[in-house]
2 protein chains.
Amino acid sequence: MLSKKTKYAFHALIYLAQHQAQGAVLIQEISEAHQISHKFLENILLELRKAGFLGSKKGKGGGYYLIKKPEEIQLSKIIRLLDGPIALLPCVSLNYYEPCEECKEETQCGLNKVMAQVRDETLKILENKSLADIIEAY
Amino acid sequence: MLSKKTKYAFHALIYLAQHQAQGAVLIQEISEAHQISHKFLENILLELRKAGFLGSKKGKGGGYYLIKKPEEIQLSKIIRLLDGPIALLPCVSLNYYEPCEECKEETQCGLNKVMAQVRDETLKILENKSLADIIEAY
DNA sequence: TATAAAACCTATCAATATTATAGGGAATTA
DNA sequence: TAATTCCCTATAATATTGATAGGTTTTATA
């Protein structure tokens, strides 16, 4: 299951994409529109900015805005940033890999094989779908 | 990520499958073989029994044993039993469905669509792979 | 039939992760 | 210079997961 953090991130990104014309958008505005705690959302937007998805402007008239095109924002990247690994086991994670404690030969482990397959199919979708794709039908 | 509970369950099931000949197997034996806390494993085996995967025998010479063929134990069933939903969002979960709080029309939500797709691909694998499959290469 | 072995069951504790809040700092605008 | 808004870090609250504890019931067997 995706965490609230990730869900909020998606909502915020969608909101920002749909209000690109208006320039910088206040945290406040997004948090009210989606009923998210202002401060919690603030932390999330901060992470998204540090990761290069958003830009920000301080002071009056400030706020957040997308600095990547919605087409260029892969869903997989957002999930990894806020939720961590997409894989079901550390030993098949591409970005958060950790060796299996039990297996000597991971490549010969049946569980590893299946979970690697799940990971591949999941990534095939999440890497090829972008923010733009989910907005289309929103 | 799968919980330890689920991982332990898989290890235990694999162990039981590989020691089917010996009849009932002690919790102790499995917990030692896999370095799992005896009591924690006990709870897990209990759940597996209640769910119909295992049988048990009390008293001396007792223990746990598989009552389903490894071929008939879908990985998806084990994960759902111990970890809950496989889907990434409640609104696309088949077994633990909960309506989306924001969407009026889930069918028209882009996030819902993508996550349903992920769920389908994941299940396509986890429902078609059984305990027997992961033992083969173990 | 007494004893020991083993699962059964439920409660509770501990550790960790998630969600949320708090509050002063720094930059920007007017 | 004052108001606004994001920046940053710490901490508190809550939920989930992982682990432990201890008595109960059943069963084999000596």
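Order of the sequence lines fixes the chain letters, A, B, ..., with proteins taken first and strands second; residue numbering starts at 1 for each chain. Below, all heavy atoms of this structure are taken into account, side chains as well, without hydrogens, waters or symmetry copies.
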Query raised in the report: On DNA chain D, which is the earliest and which the latest nucleotide, 5' to 3', with an atom closer than 4.0 Å to a heavy atom of chain A?
Result: D:dT4 to D:dT9

Can you pull every protein N or O that's under 3.5 Å from an N or O on nucleotides 26-30 of chain C?
{"residue": "C:dA27", "atom": "O4'", "partner": "A:K58", "partner atom": "NZ", "Å": "3.3"}

Query raised in the report: Checking all strands, does B:Q28 fall into the base, sugar-phosphate, or nothing category for heavy-atom contacts under 4.0 angstrom?
Result: nothing

Query raised in the report: Would A:L81 and A:Y64 show up in the same hydrophobic cluster when neighbours are defined by side-chain heavy atoms closer than 4.5 Å?
Result: yes

**Report entry** Stepwise ring pair (Phe, Tyr, Trp, His ring centres under 6.0 Å) test for A:H19 and A:Y15
**Finding:** CA-CA 6 Å; A:H19 293 76; A:Y15 192 95; 3.9 Å; yes

Query - Under 4.0 Å protein heavy-atom contact, by nucleotide of nucleotides 10-20 of chain C - B base, S sugar-phosphate only - result: B--------SB

Report task. Pick base, sugar-phosphate or nothing for A:I27, based on heavy-atom distances below 4.0 Å to the nucleic acid. Result -> sugar-phosphate

Requested in this report: Using a 4.0 Å heavy-atom cut-off across all strands, classify B:L26 as base, sugar-phosphate, or nothing.
Outcome: sugar-phosphate

Report task. For the pair A:Y96 (side chain) and A:R80 (backbone), establish whether a donor and an acceptor sit closer than 3.5 Å, ignoring hydrogens and angles. Result -> yes

Report summary line: residues 42-51 of chain A vs salt bridge (charged side-chain N to carboxylate O under 4.0 Å, His left out), sequence neighbours excluded, gives A:K5-A:E47, A:K39-A:E42

Requested in this report: Inspect the surroundings of NZ in A:K77 and state if more than 12 heavy atoms from other residues, nucleotides or ligands are less than 6.0 Å away.
Outcome: no

Query raised in the report: More than 12 foreign heavy atoms under 6.0 Å from CD of A:Q35: is that the case here?
Result: no

Query - 5' priority, DNA chain D, between A:G62 and B:K39 [closest heavy atom] - result: A:G62

Query raised in the report: Step by step, would you call A:E121 with A:Q117 a side chain to side chain donor-acceptor pair (under 3.5 Å)?
Result: CA-CA 6 Å; A:E121 290 301 318; A:Q117 210 180 325; over 6 Å; no

Query raised in the report: Which residue pairs satisfy the salt bridge (charged side-chain N to carboxylate O under 4.0 Å, His left out) criterion with at least one member in residues 86-98 of chain A, sequence neighbours excluded?
Result: none

Query raised in the report: Are B:I30 and B:L16 close enough, and set up right, to give a side chain to side chain contact (heavy atoms under 4.5 Å, CB included), and what steps lead you there?
Result: CA-CA 8 Å; B:I30 305 172; B:L16 287 173; 4.0 Å; yes

Query raised in the report: Tracing side-chain links under 4.5 Å among I, L, V, M, F, W and Y, which residues wind up in one group with A:I67?
Result: A:Y65

